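What follows is a set of notes on a single structure, which appears directly below.
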Amino acid sequence: MLEVANLCLHYGQHLALDSISVRAAKGETIVILGANGAGKSSLLKAVAGMVSPDAGSSVALDGKQLLGRPAHEVVEVGIALVPEGRGIFGDLTVEENLLLGAYAPRARGEETRRRAFVYELFPKLAQRRGQYANTMSGGEQQMVAIGRALMSNPDFLMLDEPSLGLAPVVVTELFATLRRVQQTGVGLVIVEQNVKVSLGIADRGYLMEAGRIVGENSAQALLEDEAVQRAFLGKNSEMQNR
Ligand code: ATP
């Protein structure tokens with residue numbers, strides 16, 4: 001179980017995360033929904049050990065405290081992040097990018113098996129293993145980023161807006177692949193503005209607003225919730241067509 005409790009984060013004077021509590025069981029998929037600037041990326045970065053939350057915050061995996069550990073140690077305990085913008089190396093090939101994801105001791109010695117698993121999940125990457133990442137489409141680059149994160153053999157995969165900038169048909173394909181990742185027992189924590197498609201594969205969801213969690217429910221209940229529909233799926237919403 002991944003448990004975030006009373007997580008507070010300041011950037012200087014600005015309180016970006018205000019007493020956040022969320023949890024995800026292994027094998028569960030949760031979605032964090034919120035408008036731009038709500039603090040969704042900051043939450044993932046705090047869990048990943050990339051920013052330092054305030055004293056009194058807690059991020060625990062199976063009861064073990066993670067706060068204060070550097071990012072590489074968080075990967076080592078089994079939590080991988082696919083950052084917004086993907087963070088892949090454009091001048092390296094698909095295969096070189098994947099192998100960089102296997103640096104964690106928990107994945108060492110497993111590279112061949114993990115790589116075969118990633119290529120099975122993304123057959124397109126197998127066909128293009130020698131292609132430079134910067135010559136690939138946005139959807140393919142997102143696959144490389146997810147594949148690289150999976151190379152570390154995570155128990156939890158966190159994804160920051162994986163659908164951003166992708167055409168609807170590519171988003172559909174991407175989420176179909178995430179379903180297959182779910183089936184391997186990996187827990188998913190997905191930050192998204194694409195409400196329909198992300199809740200469509202989720203067990204539960206949280207609503208974030210101005211650094212706070214303002215709602216939590218089953219994915220189905222959130223899809224049917226009028227306030228969610230108004231905020232994210234309404235006729236005048238900028239997110240309607242995403
Ligand atoms: P988006 O969907 O636009 O990525 P978000 O919900 O992920 O938004 P965050 O990126 O976590 O939101 O940002 C939350 C708040 O913290 C915003 O007001 C943002 O301007 C601020 N913020 C984020 N990173 C920093 C930083 N490094 N320094 C100062 N303020 C920051």
Side-chain angles (χ1 to χ4, degrees), residues 2 4-24 29-59 66-68 70-71 74 79-88 138-139 141-142 145-146 149 156-168 170-171 174-175 178 188-202 204-217 219 222 225 227-228 230-234 236-242:
L2 176 62
V4 172
N6 192 36
L7 180 67
C8 296
L9 173 74
H10 279 85
Y11 294 115
Q13 296 290 311
H14 177 64
L15 180 61
L17 297 177
D18 186 359
S19 306
I20 298 285
S21 293
V22 299
R23 66 181 197 288
T29 294
I30 65 163
V31 172
I32 318 255
L33 303 171
N36 287 328
K40 308 177 301 295
S41 300
S42 297
L43 170 56
L44 295 193
K45 284 182 191 164
V47 174
M50 294 164 66
V51 292
S52 297
D54 299 353
S57 304
S58 172
V59 175
L66 301 186
L67 284 191
V74 177
I79 300 174
L81 171 66
V82 180
E84 189 174 349
R86 300 161 196 145
I88 59 174
Q141 290 188 16
Q142 190 61 268
I146 293 171
F156 287 93
L157 184 64
M158 304 194 294
L159 300 120
D160 196 349
E161 300 218 27
S163 76
L164 197 68
L166 303 182
V170 180
V171 172
L174 182 68
F175 275 78
L178 289 178
L188 299 180
V189 178
I190 308 175
V191 155
E192 258 299 342
Q193 294 195 29
N194 193 325
V195 174
K196 271 192 188 160
V197 78
S198 58
L199 284 178
I201 69 159
R204 290 185 302 113
Y206 293 88
L207 305 180
M208 240 181 128
E209 210 177 279
R212 304 181 72 104
I213 298 291
V214 296
E216 175 196 350
N217 216 328
L222 286 174
D225 187 297
V228 172
R230 260 200 313 278
F232 296 108
L233 301 167
N236 299 318
S237 166
E238 62 182 82
M239 297 167 195
Q240 183 196 13
N241 296 317
R242 294 193 47 184

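Each ligand, and each atom within it, is numbered from 1 in the order the structure gives. In this text, all values refer to a predicted model and were calculated from it rather than measured experimentally.
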Could you tell me whether the side chain of S57 reaches within less than 4.5 Å of the side chain of L67, counting heavy atoms only?
-> yes

How does A16 reach ligand 1, if at all, at less than 4.0 Å between non-hydrogen atoms: by side chain, backbone, both, or neither?
-> side chain

Which residue and non-hydrogen atom of the protein lie closest to atom 9 (P) of ligand 1, and at what distance in Å?
-> S42 OG, 3.6 Å

At a 4.0 Å cut-off, with the gap strictly under it, does some heavy atom of G37 reach an atom of ligand 1?
-> yes

For atom 20 (O) of ligand 1, is the nearest protein heavy atom closer than 4.0 Å?
-> no

Walk me through it: do Q141 and L166 pass the test side chain to side chain contact (heavy atoms under 4.5 Å, CB included)?
-> CA-CA 10 Å; Q141 290 188 16; L166 303 182; over 6 Å; no

For the side chain of Y206 and the backbone of G34, is there at least one donor-acceptor N/O pair under 3.5 Å apart?
-> no

Would you mind running through ligand 1 and noting each atom that sits below 4.0 Å from a heavy atom of Q193?
-> 2 (O)

With a 4.0 Å cut-off, strictly under, does atom 14 (C) of ligand 1 pick up any protein heavy atom?
-> yes

Without swapping roles, check the side chain of K40 against the backbone of I190 for a donor-acceptor pair under 3.5 Å.
-> no

Atom 29 (C) of ligand 1 [closest protein heavy-atom partner, distance rounded to 0.1 Å] = Y11 CB, 3.4 Å

List the steps and the verdict of side chain to side chain contact (heavy atoms under 4.5 Å, CB included) for N217 and V228.
-> CA-CA 11 Å; N217 216 328; V228 172; over 6 Å; no

Within the distance-only criterion (no hydrogens, no angle test), does the side chain of E192 pair as donor or acceptor with the backbone N or O of S163 below 3.5 angstrom?
-> yes

With atoms numbered from 1 as shown, which atoms in ligand 1 lie under 4.0 angstrom from a non-hydrogen atom of G39?
-> 5 (P), 6 (O), 9 (P), 11 (O), 12 (O), 14 (C)

Short N or O distance, L43 and ligand 1, threshold 3.5 Å exclusive = no

For atom 10 (O) of ligand 1, the closest protein heavy atom turns out to be S41 CB, 3.7 Å

Taking heavy atoms and a distance under 4.0 Å, where does K45 meet ligand 1: side chain, backbone, both or neither?
-> neither

Give the atoms of ligand 1, by number and element, whose distance to some non-hydrogen atom of A35 is under 4.0 Å.
-> 6 (O)

With a cut-off of 4.0 Å, which atoms of ligand 1 are near a heavy atom of E161?
-> 2 (O)

For ligand 1, does M208 get within less than 4.0 Å through its side chain, its backbone, both, or neither, judged by non-hydrogen atoms?
-> neither

Atom 18 (O) of ligand 1: which protein heavy atom is closest, and how many Å away?
-> H14 NE2, 3.4 Å

